[in-house]
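The residues of the chain are indexed from 1 along the displayed sequence.
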Amino acid sequence: MLAIAFVPSSASALNVGLASVGLVGMSISFPTVYLYAGELFPTVVRNVGIGTASMIARFGSMIAPFVAGMGSIAYWLPPCIFGLVPLLGAFCVFFLPETQGHPLPETLEDGENFGKRQPGTGANGVENGKQ
């Protein structure tokens with residue numbers, strides 16, 4: 001989507017091709033989020049978590065026509081917004097705790113403690129003095 005902002009508006013075939021690639025990416029990512037959300041939330045709050053994630057996604061769907069209408073202000077504005085917001089979300093993922101090699105939380109207490117270092121452990125989760 002960001003590439004569309006750098007393509008002149010007269011190159012309509014290239015704009016359509018780039019927009020199609022963006023649409024395919026969105027079509028792949030939307031169902032993937034549902035599958036990931038099912039594993040992300042602890043079992044006892046999974047329904048609420050998936051429902052909340054779905055509600056937030058619907059807000060994005062409601063805002064999208066207004067963002068697309070900003071094309072009348074500047075043709076490059078909607079693709080920039082549609083390209084930068086997902087990149088901002090991807091950047092925020094770097095602040096999530098690492099899950100590789102750890103069981104996912106199953107209770108609220110597990111979810112609250114997930115990603116926190118336990119007392120007596122180092123930065124990598126290994127007990128101090130033991131390797």
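- Cluster annotation: V85 is connected to W76 through the hydrophobic network of ILVMFWY side chains, with a link wherever side-chain heavy atoms come within less than 4.5 Å.
- Residues satisfying the ring pair (Phe, Tyr, Trp, His ring centres under 6.0 Å) criterion with F6, sequence neighbours excluded, are absent altogether.
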Test side-chain contact (heavy atoms from CB on, under 4.5 Å) on L77 and V67; report intermediate values, then the result. CA-CA 8 Å; L77 193 56; V67 173; over 6 Å; no
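- Two residues are said to be in side-chain contact when any heavy atoms from C-beta on lie closer than 4.5 Å; I81 and M70 meet this criterion.
- Of all heavy-atom pairs spanning P79 and M1, the tightest one is CB-O, 3.1 Å.
- Hydrophobic cluster membership for V48: none, as no Ile, Leu, Val, Met, Phe, Trp or Tyr side chain comes under 4.5 Å of it.
- Here the shortest heavy-atom pairing between A74 and P78 reads O-CD, 3.5 Å.
- The nearest pair of heavy atoms linking C80 to A5 is SG-CB, 3.6 Å.
- The distance from the OG atom of S61 to the CD1 atom of I56 is 11.5 Å, given to the nearest 0.5 Å.
- Taking CG of L23 as the reference point, atom CG of L18 lies at 12.5 Å (rounded to 0.5 Å).
- Annotation: side chain of L14 is not in contact with side chain of I4 (no heavy-atom distance under 4.5 Å).
- Partners of S54 by side-chain hydrogen bond (donor to acceptor under 3.5 Å, both in side chains), not counting sequence neighbours, listed by chain and number: Y34.
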